[in-house]
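The block underneath contains the structure these notes are about, expressed in structure tokens.
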2 protein chains.
Amino acid sequence: EEPLIAGVATDLSEAKITVVGVPDIPGKAAQIFTLVAKTGANIDMIVQNVSAASTGLTDISFTLPKSEGQQVLTALRAEQSETGFLGLQYDDQIGKLALVGAGMRTNAGVSAKLFTALFEAGINIEMISTSEIRISVVTRADTINDALRVVHTAFGLDGTEEAVVHA
Amino acid sequence: EEPLIAGVATDLSEAKITVVGVPDIPGKAAQIFTLVAKTGANIDMIVQNVSAASTGLTDISFTLPKSEGQQVLTALRAEQSETGFLGLQYDDQIGKLALVGAGMRTNAGVSAKLFTALFEAGINIEMISTSEIRISVVTRADTINDALRVVHTAFGLDGTEEAVVHA
Ligand SMILES: C[C@@H](O)[C@H](N)C(=O)O
Ligand SMILES: C[C@@H](O)[C@H](N)C(=O)O
């Protein structure tokens with residue numbers, strides 16, 4: 001299946017919260033997001049990778065509007081002992097870039113091309129989350145303009161910009 | 001924005017590879033996925049969370065058809081010293097479940113409800129990756145049938161099953 005690349009979306013409006021050291025047992029994600037939902041916050045991307053065998057712990061990161069960061073941190077901190085995670089990290093200097101298209105699921109080459117373009121611009125990829133229609137990366141906010149430019153060039157999107165820029 | 005839940009998709013055809021201890025510096029994701037792309041493998045979900053400040057290392061996990069696992073492991077192992085990751089984990093007993101809908105990005109309540117349903121069935125959530133239209137989790141393969149059932153019930157989808165089951 002040939003991948004179709006439609007465009008690039010960037011977002012500088014979000015912050016990232018990482019819940020560090022979450023016990024990898026049933027119920028923890030439920031506890032955390034029930035708390036978050038109670039604050040009324042809008043959650044965008046959630047990422048959790050596998051736990052470390054040696055610790056039985058993993059991290060859960062999610063992005064949300066910067067304006068909602070504090071209320072969520074406060075709610076989580078209040079339940080830290082109850083939930084049992086080790087700590088919280090807050091980062092309001094992230095940028096999010098997504099390559100938007102279709103049929104990208106079966107194409108490791110598209111991911112490789114995106115990651116290579118960012119590397120060639122010296123941009124570090126801090127988080128990755130993909131679906132069939134979107135490859136999303138989190139980088140430093142101050143690299144997003146360069147990232148947009150090199151990704152457009154790499155995929156021949158110059159002049160066909162469909163960038164959705166949230167500020 | 002009210003979220004619309006369209007259905008649940010499950011997939012038992014995939015295996016998971018975790019590249020453990022990847023140096024969190026530009027170029028590593030590019031190296032890894034260029035290698036993977038060369039094998040011709042079809043890659044589905046890629047997940048990378050933030051690195052640990054103490055180690056400067058992170059893990060990159062991805063799923064792919066079970067039939068393609070070995071060729072990718074072989075290719076990665078051959079380049080381990082070049083790329084510098086600590087190790088590889090291979091897991092062919094995963095199940096993937098995705099809640100499919102629209103407008104889910106802004107709704108922490110939908111994620112909370114999904115995670116709670118799985119918890120109540122005693123199912124451990126091993127990975128999470130979300131987009132506006134899809135909340136995907138990885139669990140043990142032998143919990144996927146229970147997961148499908150409890151998620152249908154939680155979201156009132158009984159009888160409207162849009163489950164896409166890959167076997
Ligand atoms: C870490 C967290 O996702 C846990 N495994 C749970 O099922 O809730
Ligand atoms: C870990 C890996 O994603 C690395 N940060 C890179 O940019 O390639």
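So that the names make sense, note that chain A is the first sequence line, chain B the second, and so on, each numbered from 1. Bear in mind that the values here come from a model prediction, so they are computed numbers and not experimental data.
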Exercise. Are the side chain of A:Thr55 and the backbone N or O of A:Leu57 linked by a donor-acceptor pair below 3.5 Å?
Worked result: yes
Exercise. Between A:Thr18 and chain B, which part of the residue has a heavy atom less than 4.5 Å away: side chain, backbone, both or neither?
Worked result: side chain
For this session: Considering only heavy atoms and a distance below 4.5 Å, find which of B:Ile128, B:Asn42, B:Val137 pairs most often with chain A.
Result: B:Ile128
For this session: Answer with side chain, backbone, both or neither: which region of B:Ile135 has an atom nearer than 4.5 Å to a non-hydrogen atom of chain A?
Result: neither
Problem set entry | Top of B:Asp24, B:Thr58, B:Asp91 for chain A proximity - count of heavy-atom pairs under 4.5 angstrom | B:Asp24
For this session: Ignoring hydrogens and angles, state whether a donor on the side chain of A:Ser129 or B:Ser129 is under 3.5 Å from an acceptor on the partner side chain.
Result: yes
Problem set entry | Donor-acceptor contact below 3.5 Å, side chain A:Thr143 vs main chain A:Thr139 | no
Seminar exercise, completed: Cut-off 4.5 Å, heavy atoms of chain A, and the answer for B:Lys16 is side chain
Problem set entry | Contact origin within A:Ile133 toward chain B - heavy atom pairs under 4.5 Å | side chain
Exercise. How many angstroms lie between atom CD of B:Gln48 and atom CG of B:Asp59, to the nearest 0.5 angstrom?
Worked result: 9.0 Å
Exercise. Of all of A:Ala117, A:Ala112, A:Ser136, which one pairs up most often with chain B through heavy atoms under 4.5 Å apart?
Worked result: A:Ala112
For this session: Report yes or no: does B:Thr39 contribute a side-chain atom to a donor-acceptor pair with the main-chain N or O of B:Val36 at less than 3.5 Å?
Result: yes
Exercise. Any side-chain donor paired with an acceptor under 3.5 Å for B:Ser61 and A:Asn49?
Worked result: yes
Problem set entry | Contacting moiety of A:Lys28, where chain B heavy atoms sit under 4.5 Å | neither
Exercise. What part of A:Ala41 is in contact with chain B, defined as an atom under 4.5 angstrom from a non-hydrogen atom: side chain, backbone, both or neither?
Worked result: backbone
Exercise. Given that the side chain runs from C-beta out, which part of B:Ile123 has a heavy atom under 4.5 Å from chain A: side chain, backbone, both or neither?
Worked result: backbone
For this session: Cation-pi check, A:Lys113 to A:Phe155: give yes when NZ or CZ is under 6.0 Å from the six-membered ring centre and within 45° of the ring axis, no otherwise.
Result: yes
Exercise. Side chain of B:Thr130, backbone of A:Asp44: donor and acceptor closer than 3.5 Å?
Worked result: yes
Problem set entry | Option that, when pairs with chain A are counted at under 4.5 Å, heavy atom only, ranks first among B:Arg134, B:Met127, B:Glu120 | B:Met127
